[in-house]
Amino acid sequence: MVSALQNIAIDCADAYGLARFWSEVTGRPVHPESQPGDEETEVLLAEGPVLHFNQVAEPKTIKNRLHLCLRPETSREQEVERLLGIGATLVDDRRNPDGSGWAVLADPEGNEFCVLRSAAERAAMES
């Protein structure tokens with residue numbers, strides 16, 4: 001017997017607001033029945049589990065032990081700039097001069113996530 005991964009739960013202060021941010025990040029819709037003020041909502045990903053946002057009273061206080069890693073369709077640099085433009089912040093820059101590495105960003109509530117190189121950027125380095 002095994003268990004199927006149903007969702008990735010993210011505790012937050014504003015479930016609908018943070019879901020809208022991640023909807024813009026992923027280009028995927030917020031659950032159609034969701035509305036501002038809902039204590040729980042989801043972003044419906046194209047494949048795999050949904051992102052489930054759960055409103056909690058306590059604020060984030062330490063570094064995430066689990067985080068999302070994004071592989072952009074465009075270049076890593078273009079995606080980092082886009083995400084900064086919609087409300088993310090740069091937490092740690094682990095990009096290397098040779099093109100390897102990643103950028104650590106945080107969403108509007110401080111949850112860290114990484115932006116990796118695109119598949120095309122990875123393939124170009126392997127050639």
Side-chain angles (χ1 to χ4, degrees):
M1 291 206 168
V2 298
S3 294
L5 184 58
Q6 175 66 33
N7 64 49
I8 299 168
I10 301 169
D11 289 348
C12 55
D14 177 4
Y16 184 78
L18 198 56
R20 289 204 48 195
F21 170 83
W22 280 98
S23 173
E24 199 164 340
V25 169
T26 61
R28 301 298 302 161
V30 172
H31 191 285
E33 296 176 10
S34 296
Q35 57 188 329
D38 284 353
E39 293 185 3
E40 294 183 43
T41 191
E42 296 175 334
V43 171
L44 307 173
L45 300 176
E47 298 176 14
V50 299
L51 296 179
H52 181 88
F53 298 88
N54 187 41
Q55 206 158 294
V56 297
E58 63 277 359
K60 179 183 177 303
T61 57
I62 59 171
K63 181 184 180 302
N64 299 4
R65 296 292 293 188
L66 175 75
H67 64 269
L68 304 177
C69 292
L70 307 177
R71 184 160 319 278
E73 293 175 351
T74 62
S75 75
R76 179 185 54 212
E77 278 61 36
Q78 288 173 313
E79 185 66 352
V80 167
E81 289 307 312
R82 184 182 79 85
L83 297 174
L84 293 173
I86 64 171
T89 55
L90 183 64
V91 174
D92 191 11
D93 194 340
R94 301 213 173 178
R95 294 174 281 188
N96 299 313
D98 69 356
S100 64
W102 59 92
V104 181
L105 279 67
D107 69 20
E109 291 203 15
N111 300 301
E112 296 93 0
F113 62 96
C114 295
V115 180
L116 309 173
R117 293 176 292 160
S118 69
E121 289 172 313
R122 287 181 57 129
M125 286 193 68
E126 294 170 3
S127 302

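Not measured: the values here are computed from a predicted model.
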**Study point:** Flag side-chain contact, heavy atom, 4.5 Å: Leu51 against Leu68
**Key:** yes

Check your understanding: For the atom pair CZ (Phe53) and CG (Asn111), what is the distance rounded to the nearest 0.5 Å?
Key -> 8.5 Å

Practice item. Any chance you could lay out the side-chain contact (heavy atoms from CB on, under 4.5 Å) test for Glu109 and Lys60, step after step, and finish with the verdict? Key: CA-CA 8 Å; Glu109 291 203 15; Lys60 179 183 177 303; over 6 Å; no

Exercise for review: Would you mind reporting whether His67 and Cys114 have side-chain heavy atoms less than 4.5 Å apart?
Suggested key: yes

Review point. CG/Leu18 to CG/Asn54 distance, rounded to the nearest 0.5 angstrom?
Key: 11.5 Å

**Study point:** N/O donor-acceptor pair under 3.5 Å between Asp92 side chain and Val104 backbone
**Key:** no

Check your understanding: If you round to the nearest 0.5 Å, how far is OG of Ser100 from CG of Leu116?
Key -> 11.5 Å

Check your understanding: Step by step, would you call Asp98 with Met125 a side-chain contact (heavy atoms from CB on, under 4.5 Å)?
Key -> CA-CA 9 Å; Asp98 69 356; Met125 286 193 68; 4.2 Å; yes

Exercise for review: Kindly give the heavy-atom pair with the smallest separation between Val115 and Leu105, and that separation in Å.
Suggested key: CG2-CD1, 4.2 Å

Check your understanding: Arg82 and Glu24: which non-hydrogen atoms are nearest, and at how many Å?
Key -> NH1-O, 3.1 Å

Point to revise | Distance (rounded to the nearest 0.5 Å) between Gln6 CD and His52 NE2 | key: 10.0 Å

Practice item. Please determine if Glu79 and Arg76 form a salt bridge, counting it only when a charged side-chain N lies under 4.0 Å from a carboxylate O. Key: no

Check your understanding: Would the number of heavy atoms belonging to other residues, nucleotides or ligands and lying under 6.0 Å from CD of Glu40 be above 12?
Key -> yes

Revision key, fill the gap. Shortest non-hydrogen pair, Pro108 vs Gly87, comes out as CG-O, 3.9 Å

Exercise for review: Give a yes or no answer on whether the side chain of Arg71 reaches the backbone of Arg117 with a donor-acceptor pair at less than 3.5 Å.
Suggested key: yes

Practice item. Decide side-chain contact (heavy atoms from CB on, under 4.5 Å) for Leu44 and His31; before the verdict, give the C-alpha distance in whole Å, the side-chain angles of both, and the deciding distance to 0.1 Å. Key: CA-CA 6 Å; Leu44 307 173; His31 191 285; 4.2 Å; yes

Practice item. State yes or no: do Phe21 and Ile8 share one hydrophobic cluster built from I, L, V, M, F, W and Y residues joined by side-chain heavy-atom distances below 4.5 Å, directly or via other members? Key: yes

Check your understanding: Is it true that atom CZ of Arg20 has more than 12 heavy atoms of other residues, nucleotides or ligands lying nearer than 6.0 Å?
Key -> no

Check your understanding: How many angstroms lie between atom SG of Cys69 and atom CD of Glu112, to the nearest 0.5 angstrom?
Key -> 11.5 Å

**Study point:** Intermediate values then yes/no, side-chain contact (heavy atoms from CB on, under 4.5 Å), Glu42 and Ser34
**Key:** CA-CA 8 Å; Glu42 296 175 334; Ser34 296; over 6 Å; no

**Study point:** Pairwise distance CG(Leu70) to CH2(Trp22) - rounded to 0.5 angstrom
**Key:** 5.0 Å

Review point. Which pair of heavy atoms, one from Val30 and one from Ala19, lies closest together, and at what distance?
Key: CG2-O, 3.7 Å

Check your understanding: Are Trp102 and Val91 in one and the same hydrophobic cluster, where Ile, Leu, Val, Met, Phe, Trp and Tyr link if side-chain heavy atoms are under 4.5 Å apart?
Key -> yes

Revision key, fill the gap. Heavy-atom closest pair (Gln55 atom, Asp14 atom, distance to 0.1 Å) is OE1-CA, 3.7 Å

Review point. Hey, quick one: are Ile10 and Ile86 part of the same hydrophobic cluster, counting side-chain heavy atoms closer than 4.5 Å, chains of contacts allowed?
Key: yes

Review point. Where do Val25 and Leu83 come nearest, in terms of heavy atoms and distance?
Key: CG2-CD2, 3.6 Å

**Study point:** Any donor-acceptor N/O pair, Asn96 side chain to Gly99 backbone, under 3.5 Å
**Key:** no

